[in-house]
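Here is the structure we will look at.
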Number of protein chains: 2
Amino acid sequence: MRMRSDGRLARMLHVLVHMALLGGRETSERIAEMLNTNPVVVRRTLGALRAHGIVASEGGRGGGWKLAKSLEEITVLDVQRALSAGPILPAATSSDHPSCPVERASNAVLVAAHAAAEARLAEIYGAAPLSEIARAAMETAKGA
Amino acid sequence: MRMRSDGRLARMLHVLVHMALLGGRETSERIAEMLNTNPVVVRRTLGALRAHGIVASEGGRGGGWKLAKSLEEITVLDVQRALSAGPILPAATSSDHPSCPVERASNAVLVAAHAAAEARLAEIYGAAPLSEIARAAMETAKGA
DNA sequence: TATTGCGTAACAAATGGTGTTACAGAATGA
DNA sequence: TCATTCTGTAACACCATTTGTTACGCAATA
């Protein structure tokens, strides 16, 4: 029952930076083309970001998606949190004999280790605004 | 496509410590009872540990499983490595447009962050011998 | 030689992201 | 008003991975 880290975070970072660089509104259709996927998947995933104030959407003719904040104001951690409420790195403990001291001790070690790793990950995510990704991308594009 | 951290590590820590505390050989049948699971699952998983020299097995009457090292010589990291060859925390990047600078930059941030988190996790796992889990378990059992 | 226990193949179930179709609702513009 | 163009969402099927299970072969031993 694990919440494995999926490909949504990478895809969302990718598309959010593109949206900022393009400036205007983008439809699910066009975003889906950017991500080589389906418009419904895009709405589903961007919908989670909208619930956290990262993007906004409008229906009807001329509608679509746009950023609700600047790239400087969005960190990787913000996007991660929008996509998944729980821990980024769940502990993966066992619960075969909840009262067994050995199982408890084993689980405790794993929980502590994961908490430390998660703290490190969240620290880095939180210190990484999307504007930094945009800057690195432009640098690369120029250099190449 | 993630290699999510599954429940095998926790289960193996649990059973290895029990095996050490019990001292002798244990059959898949008895171990399965400890873990509330099936003997085949036990053979499957312990088989991976045997391939890394952590446990040994013998068939036939009077056979079963026993530790190949002492708990002091086995770290959580050893068990983790035996269960899964690759990274503990795979990066979860996207590959929709491998030549897109924005995708590359997004992936790079994620890869770097995961590498740091994984290093932290491996550091803790490597510094945690199973004897420490056994000690903590006995402490708890005594205290309670 | 009968029993015990591992080794392994084969298959079902559950989980969670993904891909897809279908359709309802809202905004826009002629 | 009405057709068009969007999002919102339900309802599936699909894929990959762990887990659970049955079945059977092989080795060791009393």
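Heavy atoms only: backbone and side chains are in, while hydrogens, waters and symmetry mates are out. The model shown is predicted, which means the values in this text are computed figures rather than measured ones.
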Test log, rule side-chain hydrogen bond (donor to acceptor under 3.5 Å, both in side chains), inputs Ser57(A) and Arg50(A): CA-CA 7 Å; Ser57(A) 67; Arg50(A) 182 189 49 217; 3.0 Å; yes
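When the side-chain nitrogen and oxygen atoms of Arg8(B) are compared with OP1 and OP2 of dT19(D), one or more of them lie within a distance under 4.0 Å.
Taking the six-membered ring for Trp and thresholds of 30 and 60 degrees, His114(B) and Tyr125(A) have ring planes inclined between 30 and 60 degrees apart.
Rounded to an integer number of Å, the gap from CZ of Arg11(A) to C1' of dG17(C) is 10 Å. To the nearest angstrom, P of dT5(D) lies 6 Å from CZ of Arg61(A).
Of the inter-residue distances, the one linking Ile124(A) atom CD1 with Thr75(A) atom OG1 reads 12.5 Å to the nearest 0.5 angstrom.
Look at Glu58(A) and Arg25(A) and you find a salt bridge, because one of the NZ, NE, NH1 or NH2 atoms lies within 4.0 Å of a carboxylate O, short of that distance.
In the region residues 16-39 of chain B, proximity to DNA chain D at under 4.0 angstrom, judged on heavy atoms, holds for Thr37(B), Asn38(B). Remark: Arg43(A), Arg44(A), Arg50(A), Ser57(A) in residues 41-57 of chain A come within less than 4.0 Å of DNA chain D through at least one heavy atom.
Within 6.0 Å of CZ in Arg30(A) there are 12 or fewer heavy atoms belonging to other residues, nucleotides or ligands. For Lys66(B), the NZ atom is loosely surrounded, since the number of other residues' heavy atoms within 6.0 Å does not exceed 12.
DNA chain C is contacted by both Val40(A) and Glu58(A); Val40(A) maps to the nucleotide lying nearer its 5′ end (nearest heavy atom per residue).
Counting non-hydrogen atoms under 4.0 angstrom, Gly59(B) reaches the backbone sugars and phosphates but no base.
The cluster map of Ile, Leu, Val, Met, Phe, Trp and Tyr, joined by side-chain heavy atoms under 4.5 Å apart, puts Val79(A) and Leu89(A) in the same cluster.
Scanning all heavy atoms of the two residues, the minimum distance from Leu35(A) to Arg11(A) falls at O-NH2, 3.4 Å.
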